[in-house]
**Student:** 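Let me begin by handing over the structure; questions about it come next.
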Amino acid sequence: MTIYYNFAYLDEGTKKKIRRTLLKAVAIPGHQIPFASREMPLPYGWGTGGIQVTAAVIGPEDILKVIDQGSDDTTNAVSIRNFFRSTTGVRTTTSTREATLIQTRHRIPETPLHAGQILVYQVPMPEPLFKLEPRVSETIALHAMADYSLMYLKLYDQITRYGRIAIGYEYPVIVHDRYLTSPSPIPAYDVPKMHMSPALQLFGAGREKRLYAIPPYTRVIPLDFTDYPFDPVNTRQPCALCGAVESYKDEIVIDDAGNRQFICSDTDFCEHRR
Amino acid sequence: MSYRPVPILMARDLTLSFGTLRALESVSLEIYPGEVLAIVGESGSGKTTLLNTLYGVLAPGAGEVRFGENGELDRCVQTLPRQQLRHLHRSAWGYVHQNPRDALRMEITAGGNIVERLMAAGEKHYGTLREKALFWLQKVEIDPKRIDDLPTTFSGGMQQRLQIARTLISHPYLLFMDEPTSGLDVSVQAGLLDLLRNLVSEQRMAVILVTHDLAVARLLAGRIAVMQRGRIIETGVTDQVLDDPQHPYTQLLVSSVLPA
């Protein structure tokens with residue numbers, strides 16, 4: 001027996017409701033909007049939020065790229081790509097330049113995005129204040145009042161303990177000079193790419209049932225102190241495969257003797273340079 | 001022309017019930033700039049309920065609390081938008097809890113605790129925040145070397161002084177205190193009272209002090225209000241009320257103090 005799914009798996013009503021929520025999210029940049037997250041055929045934490053956003057916005061003409069930690073060929077990326085190929089029949093690609101829709105986990109591609117592209121983030125925890133304030137009702141009030149001294153308290157404490165702001169990933173940002181927003185667990189190194197990006201950035205948190213968005217050409221400013229400015233960490237080692245210095249690297253153990261290599265985490269970027 | 005001071009806060013006919021329990025029965029009072037008013041009475045007489053109603057975290061069933069800084073009681077706690085009330089709580093007003101753990105962030109260092117209000121007010125320079133934290137640690141007589149220690153490593157008296165530094169750093173003109181010395185042993189209490197008295201006169205704050213300890217009231221307060229079963233039954237200058245109590249309940253309260 002053959003099972004026929006609707007285009008992009010979800011039914012049209014559900015996709016329409018998600019798109020309506022996304023419109024609201026785009027209208028209030030960086031503000032989390034609740035949505036009726038659906039059960040998806042993959043576990044929470046594997047990208048159920050991102051996959052619903054992609055399903056809601058994908059069309060027959062789209063060219064889809066899916067990356068996981070910058071890579072096109074890890075399990076999560078391959079399964080989500082296959083999922084959309086079989087439920088939509090759209091073309092897929094590994095090229096950042098060619099793709100019209102990119103679903104990502106934990107990275108922004110090295111190749112600059114261009115106008116018309118949509119970047120969909122998989123978000124485990126949309127609330128940047130959740131480790132500082134456990135009550136959801138209180139975090140909502142803090143957002144409403146734009147009171148983000150709690151996050152500054154965290155930065156203060158980090159400088160006090162470590163001599164610098166030691167947030168390596170999920171670096172808190174202020175979107176459009178208003179909402180404190182989690183950029184999802186991308187490296188702090190990627191955060192400047194979000195600022196004034198020509199691409200539309202959409203964020204889906206499936207388990208937490210929240211969507212948010214950063215429209216094209218929107219200000220995205222990392223939180224910092226005037227005397228301790230935002231200063232993300234990256235290795236100065238060149239990529240062992242393509243020699244790139246500026247790209248973000250994975251440190252990989254290559255043998256039982258514990259030898260290591262730094263390799264671009266963005267596989268598409270690395271392959272084009274070789 | 002005679003000088004008539006204008007109150008900075010005035011409560012009119014506050015009434016509050018918890019179910020069938022009448023916690024406040026048409027309570028009225030005024031606070032004048034720079035004065036310390038003690039609210040005394042036995043446990044369950046409504047002192048803390050009154051304090052929290054004046055502060056705006058409990059809503060009265062009837063009556064209102066008006067306040068203002070410039071000689072006009074032009075704002076009302078009960079109708080103030082939540083955002084403005086919060087702003088008031090984080091800058092121009094302060095609240096010192098009986099248990100410092102209710103106010104301190106125990107997982108954040110002492111310095112961080114002290115400067116939180118400054119960061120809320122927009123201070124974004126780490127060096128400046130450190131300077132202010134050190135300054136206030138010294139002011140409340142905590143060794144500046146403890147700036148990067150967690151409050152969990154502090155004694156009860158030090159935690160209370162830390163809470164006071166954290167509250168006073170924004171220079172509030174009105175301070176609410178709920179039994180600030182009650183959890184401390186007698187010698188620590190004496191030191192803290194001394195410190196509070198100096199800070200209050202130096203910062204020229206008005207203070208509403210809730211205490212069941214008449215000795216604390218006598219030491220800090222210029223005026224005193226005695227509560228019984230949700231009513232203010234007697235009010236006046238501290239020495240007058242404590243030395244020549246008029247109401248039978250106040251007489252009982254004063255006579256029940258153990259001789260020192």
Side-chain angles (χ1 to χ4, degrees), chain A residues 28 31 127-167 171-181 188 191 219-232, chain B residues 56-57 80-94 102-137 144-153 162-163 165-167 169-170:
Chain A
I28 317 172
H31 178 53
E127 177 50 69
L129 296 169
F130 91 106
K131 275 193 183 158
L132 306 166
E133 173 52 68
R135 292 164 297 176
V136 173
S137 57
E138 182 66 12
T139 58
I140 288 173
L142 291 175
H143 280 295
M145 297 169 190
D147 180 351
Y148 299 130
S149 52
L150 264 180
M151 192 53 93
Y152 274 103
L153 205 51
K154 178 181 173 177
L155 301 188
Y156 171 94
D157 228 44
Q158 292 221 332
I159 297 171
T160 304
R161 283 172 204 233
Y162 312 118
R164 62 185 185 87
I165 300 172
I167 304 176
Y171 196 101
V173 295
I174 296 282
V175 173
H176 198 48
D177 305 318
R178 176 59 180 83
Y179 281 101
L180 181 73
T181 305
V191 164
R219 287 167 57 80
V220 178
I221 307 295
L223 246 60
D224 60 7
F225 287 106
T226 45
D227 48 345
Y228 283 85
F230 174 71
D231 182 21
Chain B
V57 290
L80 201 65
R82 219 175 128 196
Q83 190 158 3
Q84 285 181 34
L85 185 65
R86 189 183 180 90
H87 183 70
L88 193 68
H89 286 170
R90 301 205 70 163
S91 55
W93 287 9
D102 290 346
L104 294 175
R105 299 189 186 278
M106 302 308 281
E107 73 292 352
I108 298 281
T109 59
N113 267 288
I114 293 180
V115 298
E116 185 180 348
R117 277 175 166 233
L118 293 184
M119 291 193 277
E123 177 58 59
K124 304 278 184 280
H125 191 277
Y126 180 80
T128 308
L129 293 167
R130 292 292 281 188
E131 269 171 40
K132 293 269 170 79
L134 287 168
F135 176 79
W136 274 94
L137 276 174
K145 284 201 217 65
R146 304 294 304 269
I147 185 170
D148 295 335
D149 292 347
L150 293 178
T152 42
T153 67
L162 189 60
Q163 185 191 186
R166 166 190 165 83
T167 310
I169 196 166
S170 65

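For the numbers below, each heavy atom of this structure counts, side chains included, while hydrogens, waters and symmetry mates do not. What you see is a predicted model, and the numbers here were worked out from it, not measured in a lab.
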**Student:** Do you know which two heavy atoms are closest between A:P222 and A:V173, and how far apart they sit?
**Tutor:**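 Nearest heavy atoms, A:P222 then A:V173: CA-CG1, 4.0 Å.
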**Student:** Are A:R135 and A:E133 within salt-bridge range, i.e. N to O under 4.0 Å?
**Tutor:**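 So A:R135 pairs with A:E133 through a salt bridge.
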**Student:** Going by the salt bridge (Lys or Arg N to Asp or Glu O under 4.0 Å) test, which pairs reach into residues 120-130 of chain B, not counting sequence neighbours?
**Tutor:**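 Of all non-adjacent pairs touching residues 120-130 of chain B, those that pass salt bridge (Lys or Arg N to Asp or Glu O under 4.0 Å) are B:R130-B:D148.
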**Student:** With no hydrogens and no angle check, just 3.5 Å: does a side-chain donor-acceptor pair link B:T109 and A:Y156?
**Tutor:**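 A:Y156 and B:T109 do not have a side-chain donor-acceptor pair below 3.5 Å.
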**Student:** Tell me every residue that passes side chain to side chain donor-acceptor pair (under 3.5 Å) with A:D147, counting only those two or more places apart in sequence or in another chain.
**Tutor:**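 With neighbours one apart ignored, the set is A:S149, B:R86, B:R90.
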**Student:** What are the residues of residues 137-145 of chain A, in order of number, with any heavy atom under 4.5 angstrom from a heavy atom of chain B?
**Tutor:** A:E138, A:A141, A:L142, A:A144, A:M145
**Student:** B:D102: which residues meet the salt bridge (charged side-chain N to carboxylate O under 4.0 Å, His left out) condition with it, sequence neighbours left out?
**Tutor:**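 For B:D102 there are no salt bridge (charged side-chain N to carboxylate O under 4.0 Å, His left out) partners, ignoring immediate neighbours.
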**Student:** Which of the residues A:L155, A:L150, A:D157 is involved in the greatest number of heavy-atom pairs with chain B at under 4.5 angstrom?
**Tutor:** A:D157
